[in-house]
Student: 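Here you go, one structure.
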Amino acid sequence: MRDDYQQLVDEITAVLRAPATLENRDFALIAFGAQDSEDSDDTAEPALDPVRTRSILQRRSTAAVRAWFEAFGIARAQAPLRIPPDPAAGVFMGRICLPVRHRGVVHGYVWLLDDGHLADLELGGPTGAPDPRLARAMETADRIGALLAAEARAGEELGELLRDVLTGPPAGRDAARSGLGAALRGAADGPLALVAVVPWSPGTGEDTDHPRLPHLPGIVAACVLPGSTAAGAGLAALVRLRAATALDPARATAEQLLRSPRATSGDGAADGPPPKAAAGVSAPRRGLEELPAAWQEALGAARAAHADPRLGPVAEWSAIGPYRLLASLPALRPDAAVRPLLEPAHAELARTAETFLDCAGQAGRTAQRLGIHRQTLYYRLSRVRQLTGLDLDAGEDRLLLHMTLKAARLGIPRH
């Protein structure tokens, strides 16, 4: 459908003689039009707008830009709106926003730079009818809305099939897999990878009924899975790869998804901010048979990215080391010997012990990484021995302590 969107945006650009930009409800760029200088009497170079430039180059707007535009009620708008500039948010030129609607739901926005060329454009309202050019542009915007709505419905149907394949009852998985394979056609043969993003907000209000699953170029199906982790719901995105040995498309998709506002609005603790989102990428797969296992890999990698900042914000299953084993285990209570070390009052001792074991018991490296004197390190390790009763010179005790500390860092129970 991308060519269809581009053609319709070009129609609006031609009708209004102003470059139009089409974005979806999450402000992700879909298509943009270019100004034809031959149609303009103004020989001056058009002024550059940082927001439009960033949208075209990076395919997304900043949170400040979103907040400024949404404050004018664009998500509920029934008609075009004029929005003034806001230099503090980086919006140096005003905009005319054409809401892209279908059956009462806004699916996106067409943006026009209000740089003086459209000063005579009458938006209409209680006192009069809109400019005929604008009426034609809105008719085109309605056609765009119908396309976006159809794409959203198709995406939701694919998402329901993917959800049943990943987490549905065993009796229904074969039927769901067959349906998904038929819908994806050749893409179902792979290579494919699953991306998990947690937490992912399912939305509120109108968005609950129209979840607006992401439609990035590499995603062939996506669904939201409630309760994926203790941090909240998770997004599962099935991504097509160029080759079974190259996960670059999946990583790029994960990075784009993490920039979505849905990836930063999970349910937080009552006394703190929402948890920061992280993403995990499964090992490549051929076909759809092993998707449930791939989902567990992607989810485990996302949990590891939460647990260890060195791995995130996007972690691949193949690169998370011991977390591969720990993420595959059911939730267990910490070992009784190590439990006292996990009390909040001993957080510094736990960090010291984990770093010491990460450094293979080398005191010099450990002290350097922690930024402390060796004598301070030795004192802390003696306190660890006293609290746990474990001998840090014994291999089995060191293994027990190390894995328990890693499991505690992983922190999020497996579902």
Side-chain angles (χ1 to χ4, degrees), residues 196 198-199 229-231 266 268-269 271-281 296-415:
V198 290
T229 70
D271 58 348
K276 188 175 181 180
V281 179
Q296 292 304 321
E297 291 176 0
L299 193 58
R303 293 169 57 205
H306 270 292
D308 193 334
R310 294 174 298 177
L311 299 174
V314 178
E316 296 179 13
W317 172 254
S318 61
I320 61 174
Y323 292 113
R324 288 201 300 270
L325 172 62
L326 295 171
S328 302
L329 297 175
L332 300 172
R333 288 176 59 83
D335 182 82
V338 185
R339 202 172 300 151
L341 187 61
L342 300 178
E343 295 293 330
H346 301 307
E348 192 63 49
L349 292 179
R351 187 171 77 94
T352 299
E354 184 179 6
T355 304
F356 177 70
L357 295 168
D358 286 345
C359 292
Q362 297 181 27
R365 286 177 56 200
T366 305
Q368 183 177 21
R369 183 176 294 183
L370 293 173
I372 60 177
H373 194 275
R374 280 200 188 198
Q375 291 303 318
T376 303
L377 171 64
Y378 294 143
Y379 170 75
R380 290 183 184 178
L381 294 178
S382 69
R383 292 280 293 122
V384 170
R385 293 187 183 92
Q386 293 171 9
L387 279 170
T388 64
L390 298 176
D391 181 0
L392 297 186
D393 292 329
E396 290 187 355
D397 283 4
R398 288 167 66 156
L399 178 60
L400 172 63
L401 178 59
H402 204 182
M403 297 305 284
T404 304
L405 289 172
K406 292 296 184 187
R409 180 183 285 277
L410 197 59
I412 307 171
R414 179 172 176 265
H415 287 251

Student: Output the distance between atom CZ (R333) and atom CZ (R339), rounded to the nearest 0.5 Å.
Tutor: 4.5 Å
Student: Can you establish whether the number of heavy atoms outside Q386 located under 6.0 Å from its atom CD is more than 12?
Tutor: yes
Student: Would the distance check show the side chain of H306 and the main-chain N or O of V198 forming a donor-acceptor pair, the cut-off being under 3.5 Å?
Tutor: yes
Student: Of the non-hydrogen atoms in A315 and A305, which two are nearest, and what is the gap between them?
Tutor: CB-CB, 3.9 Å
Student: If you take all heavy atoms of P340 and A337, which pair is closest and at what distance?
Tutor: CD-O, 3.4 Å
Student: Backbone N or O of L392 within a donor-acceptor pair of the R398 side chain at under 3.5 Å?
Tutor: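 Yes, R398 side chain to L392 backbone: donor-acceptor pair under 3.5 Å.
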Student: Would a 4.5 Å heavy-atom cut-off, applied to side chains only, mark T388 and D335 as touching?
Tutor: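 Not touching, per the 4.5 Å side-chain cut-off.
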Student: Output the distance between atom CG (L381) and atom CZ (R374), rounded to the nearest 0.5 Å.
Tutor: 12.0 Å
Student: Tell me if the CD atom of Q368 is crowded by more than 12 foreign heavy atoms within 6.0 Å.
Tutor: no
Student: Less than 4.5 Å apart, any side-chain heavy atom of R369 and any of D358?
Tutor: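 The answer is yes, as the side chains (C-beta and beyond) meet within the 4.5 Å cut-off.
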Student: Which pair of heavy atoms, one from Y323 and one from K406, lies closest together, and at what distance?
Tutor: OH-CD, 3.5 Å
Student: State the CG-CG distance between D391 and L401, to the nearest 0.5 angstrom.
Tutor: 11.5 Å
Student: Can you tell if the side chain of L405 reaches within under 4.5 Å of the side chain of L342, non-hydrogen atoms only?
Tutor: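 In short, these two side chains touch, coming nearer than 4.5 Å.
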Student: I'd like to know whether OH of Y379 has more than 12 heavy-atom contacts from other residues, nucleotides or ligands below 6.0 angstrom.
Tutor: no
Student: Can you name the closest pair of heavy atoms from L341 and A353 and give their distance?
Tutor: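 Looks like CD2-CB, 4.4 Å.
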Student: Tell me the closest heavy-atom pair linking C359 and T366, and the distance in Å.
Tutor: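 That closest heavy-atom pairing would be CB-OG1, 3.5 Å.
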Student: T376 versus R380: any side-chain heavy-atom pair under 4.5 Å?
Tutor: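 Side-chain contact under 4.5 Å: yes.
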Student: To the nearest 0.5 angstrom, please state how far the CG atom of L370 sits from the CD atom of E354.
Tutor: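 One finds 10.5 Å between CG of L370 and CD of E354.
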Student: May I ask you to say whether R351 pairs ionically with E348, meaning some side-chain N is under 4.0 Å from a carboxylate O?
Tutor: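 A salt bridge links R351 with E348.
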Student: Show the nearest heavy-atom pair for residues P199 and A277, with the distance to one decimal.
Tutor: CD-CA, 3.6 Å
Student: Does E343 reach the side chain of L387, with side-chain heavy atoms less than 4.5 Å apart?
Tutor: no
Student: Would you call T352 and V384 a side-chain contact if the rule is heavy atoms closer than 4.5 Å?
Tutor: no
